[in-house]
Amino acid sequence: MVKNIDFGHNGTFKTLIFDKKRFKVVIESLIDHVVNTNSFDLRFELDKPITRVRNHAYEWEELSNDFVANKFHPKIIQLADGTYLQSNITAGIWEVNKLNPQYSFVAF
């Protein structure tokens with residue numbers, strides 16, 4: 001599922017400590033960056049490529065083009081092994097590049 005999560009701020013990324021057993025991320029060391037900024041980015045590296053995305057009409061579509069989900073889109077993707085990943089909030093913008101479907105980029 002999720003291999004790595006990188007935290008980005010002002011064009012610099014730092015890999016977060018990701019507890020794969022409990023599916024949790026430690027971000028305490030980055031609190032100062034988050035508190036003192038209006039935006040930050042998260043880059044997710046997945047162990048399987050993204051094959052389908054849920055569009056604004058809540059319909060599944062194959063990842064045949066680059067995909068951007070704004071705040072009005074559902075944030076649901078499907079991986080090649082059939083696993084679904086879904087955000088629990090609609091904030092942020094999800095970006096998926098069809099040429100590199102094992103990465104998802106989220107901007108806040």
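Below, each value reflects all heavy atoms present in this structure, side chains not excepted, and no hydrogens, waters or symmetry copies.
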Colleague: Over all heavy atoms of both residues, which pair between Thr51 and Ala80 is shortest? Give the atoms and the distance, please.
Modeller: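 Looking at all heavy atoms of both residues, the closest pair is CG2-CA, 3.6 Å.
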Colleague: If you round to the nearest 0.5 Å, how far is CG of Asp6 from OG1 of Thr12?
Modeller: 12.0 Å
Colleague: So, Asp66 side chain and Lys98 main chain: donor-acceptor pair closer than 3.5 Å or not?
Modeller: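 Yes, because the side chain of Asp66 sits within donor-acceptor range (under 3.5 Å) of the backbone of Lys98.
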Colleague: Side chains of Arg52 and Phe67: does their closest heavy-atom pair fall under 4.5 Å?
Modeller: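 Side-chain contact under 4.5 Å: no.
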Colleague: Using the rule given for side-chain contact (heavy atoms from CB on, under 4.5 Å), can you reason through Phe72 versus His56, listing the C-alpha separation, both sets of side-chain angles and the distance that settles it, and then say yes or no?
Modeller: CA-CA 7 Å; Phe72 301 111; His56 68 283; over 6 Å; no
Colleague: Taking Lys75 for the side chain and Thr90 for the main chain, is one N or O donor matched with an acceptor at less than 3.5 Å?
Modeller: yes
Colleague: Do Ile76 and Ile50 belong to the same hydrophobic cluster, where Ile, Leu, Val, Met, Phe, Trp and Tyr are linked whenever their side-chain heavy atoms lie under 4.5 Å apart, directly or via other members?
Modeller: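 In one cluster: no.
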Colleague: Would you check, one step at a time, whether the test side-chain contact (heavy atoms from CB on, under 4.5 Å) holds for Ile5 with Thr15?
Modeller: CA-CA 6 Å; Ile5 301 174; Thr15 299; over 6 Å; no
Colleague: How many angstroms lie between atom CD of Glu62 and atom CD of Gln78, to the nearest 0.5 angstrom?
Modeller: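 Taking CD in Glu62 and CD in Gln78, the distance rounds to 8.0 Å.
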Colleague: Does the side chain of Trp94 come within less than 4.5 Å of Val53's, by heavy atoms?
Modeller: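 Val53 does not reach Trp94 side chain to side chain.
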Colleague: For the atom pair CH2 (Trp60) and CZ (Arg54), what is the distance rounded to the nearest 0.5 Å?
Modeller: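 Result: 5.5 Å between the selected atoms.
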Colleague: Using a 3.5 Å distance criterion without hydrogens, assess whether the side chain of Gln102 forms a donor-acceptor pair with backbone atoms of Leu46.
Modeller: yes
Colleague: Between atom CG of Asn70 and atom CD1 of Ile93, what is the distance when rounded to the nearest 0.5 Å?
Modeller: 7.0 Å
Colleague: What's the separation between atom CG in Asp81 and atom CG in Asp47, rounded to the nearest 0.5 Å?
Modeller: 7.0 Å
Colleague: Checking side-chain contact (heavy atoms from CB on, under 4.5 Å) for the pair Phe40/Phe7: CA distance, chi angles, key distance, verdict?
Modeller: CA-CA 7 Å; Phe40 62 93; Phe7 173 87; 3.6 Å; yes
Colleague: Measuring from atom NZ of Lys48 to atom NZ of Lys3, what distance do you get when rounded to the nearest 0.5 angstrom?
Modeller: 9.0 Å
Colleague: Set out, in order, the CA-CA distance, both residues' side-chain angles and the distance that settles side-chain contact (heavy atoms from CB on, under 4.5 Å) for His73 and Tyr58, then state yes or no.
Modeller: CA-CA 8 Å; His73 280 78; Tyr58 288 84; over 6 Å; no
Colleague: Could you report the tightest heavy-atom contact between Ala69 and Pro74, atom names first, then the distance?
Modeller: CB-O, 4.4 Å
